[in-house]
Amino acid sequence: MTRLLGPLLISPALIVILLLFMVPLAASVIGAFEVEGAYGLGNFTKAYDFYTQDIVFTAVIVGLSTALTGLLAIAIGGYLTLGENATAVAILRWLYRWPMFIPFIVVGQVLRTFLAKSGLFNSTLVAFGLLDPLTATSYLDWRGVVVAFVWKQTPFVALMVSGAMASLDRGTIEAARNLGASRLRILVEIVVPQVTTTLLVGLVLSFVTMMGVLSVPLMINAQAPTMITADIAFRLSTYRDYGVANALGLISLAISAVAAWFYLRVNMRQGR
Amino acid sequence: MSADAYLNLQKISAGYGRTQVLQDIDLAIGKGEFVALLGASGCGKTTLLRTIAGFALPSAGSVRVGDRDVTRLPPDKRGMAMVFQSYALWPHMTAARNIGYGLRLKGWRREAIATRVAEMEALLGLGGLSGRKPSELSGGQRQRVALGRALAVDPDILLLDEPLSNLDARIRLTVRHEIRALQQRLGITTIHVTHDREEAMVMADRIVILDKGRIAQLGTPEAIYTRPASAFVAAFMGAENVVHLDGACSGHRVDIAPGPLNKAASLTLDRPAPPSGKLEARFRSERLQLRRLAAPSSDTGTAIELIGRVEAVVYPGGEWRHTVRIGESSVLVDGPEALPPDTDVIVRVPTTSLFLFAASAALPIGSPSAADDRSPVRDRLTA
């Protein structure tokens, strides 16, 4: 009886995972290889023919956004850790987290009005005489997507990174200061190397999150080339083409897996 | 302030927020001198070291090195290098890169750095370990890498913040002598923070005893051990046995009135006696005589004789250590032979082993002082 109790207790959780996660995932994977009742690579050749440009676009956009997010998060975490102006540090600490609580769709909405041809960004530049109204262009293309992703994901990574930086042995920072290292050198050569693992976890999670965002490309970049998520939505809603949609989903998964593999590799090297 | 002092602290006060940690610290340290800052935790010794190093800004006073005022200079412009309590080695760099980092910051060429690092490794006995990360080194090796990192930049002053407290007891004893020998060889001015009395005694030329942010006494190890300036210093230097007596004092002479717990005595001290009245008598457990109450008495003139009863006896090695109850308090007395518990005894404290101070508060004779209640040694030995 007691031997059965254990499996019995975990069975509800197990069933939920099986039914709501494993089964649909398996169905999608199988579906990706299903072409009119038979198995084959038809969906993938179709996805390749139609969407190669979008796949590359997605990888580049998300990669670029991840890199920029990393740089900004290091800058914010670094200032919170090494900043000497207590007021500025307090203001930054209070300010930087806000975007975390704003959903992607609202970010998209906000940036639409901000980055449009006659949006707030351009009109501010015009008002300061930095931009000729006639040459003003809209930023609602790949640049808008990158801005939205970075704006939304930076606080999350910065939160993780600054937490890791705060828990460092202050002595390692002071020892470098004692020997004459500038704050920038301390950040690059002493602080960041000690928080690489945390930084990479944050960036991989951000990468995967951004790979799955539909609202931002739909609202900011509703043109070709666009992101894989928009293509999947299009295949499903317009053609009810589950096969190609599943194939595109698997391709997204493969791109995310590259990020995860990269993370694991660095993690292993650190552990050695 | 002595004219030949190399590092001069004048009227240093410092604190965190509203808490005043250091008050009016005056200290002059000669070139090549090894000075230990000794005190219990919270006495301000680390704050004083950080103020000297430039990590904390004093609220008043000045720090001078030679004829330069460095009070407001950043830590790297003072010609000082610090070894941290946690060592603070950079975990992502090898031992060699840790040691050479300061030179890299100074813009030395790669070959020159390699030569200097090899020199440091040879000096500190780190040969063959240069490629290892700190996590692959033992505690003692890490400590030496931290020392090498500080010494590589050839500082004028070396600051050590409890560098031995993370080592296990046996290694600590050898590292003490290694650091002292190294300091002598290099002739480098060194300030060493510690809470370990013996460590300060064997390493330093002079000891600064800090109490509640002030200097309680400053002197050579021998002077502080044999001539403590206050009851606090005497207790800190191991004279934890305390009894309260009535005495009439004049000049170097002290006449102790007889009481239920002590015999009459008249002593001649080698220093001026405290004012007449209630006296706090402090002494260590060693260099005393313990005899049965019934045993014949010798001359009493040069010693205080206390009447008590043995409560317990243990053997910590060397001599037998007796816990002797004297009125309300108890004292520890070492003797060559064990006297069984419940023996009535006389504890004879020779003038040379005795420290007399004016009693700080109006305590009844023979009552234990607050300091004794907190003594960990006593707890262990009487438990």
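Computed from a predicted model, the values in this text were never measured in an experiment. Every chain is numbered from 1 and lettered A, B, ... according to where its sequence line falls, protein lines coming before strand lines.
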| said: Salt bridge check, B:Arg176 against B:Asp196: does any charged N sit closer than 4.0 Å to a carboxylate O? | reply: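 Yes, this pair counts.
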Side-chain H-bond candidate by donor/acceptor type, [X] with [Y], under 3.5 Å:
X	Y	answer
B:Tyr16	B:Thr47	yes
B:Asp69	B:Ser62	no
B:His195	B:Glu162	yes

| Sole residue of B:Arg180, B:Gln184, B:Gln183 in side chain to side chain donor-acceptor pair (under 3.5 Å) with B:Asp205 |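 With B:Asp205 as partner, side chain to side chain donor-acceptor pair (under 3.5 Å) holds for just one option, B:Arg180.
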| field | Which atoms of A:Asn178 approach chain B - backbone, side chain, both or neither, heavy atom under 4.5 Å | value |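 Contact with chain B involves both backbone and side-chain atoms of A:Asn178.
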| request: Go through the atoms of A:Arg185 and report whether side chain, backbone, both or neither lie under 4.5 Å from a heavy atom of chain B. | output: both
| said: Tell me which of these, B:Pro91, B:Ser135, B:Ala152, has more heavy-atom pairs under 4.5 Å with chain A than the rest. | reply: B:Pro91
| Are B:Trp90 and B:Tyr101 close enough that their ring centres sit under 6.0 Å apart? | yes
Name the region of [X], side chain, backbone, both or neither, that has any atom closer than 4.5 Å to a heavy atom of chain A.
X	answer
B:Arg50	side chain
B:Arg78	neither
B:Met93	side chain
B:Leu89	backbone

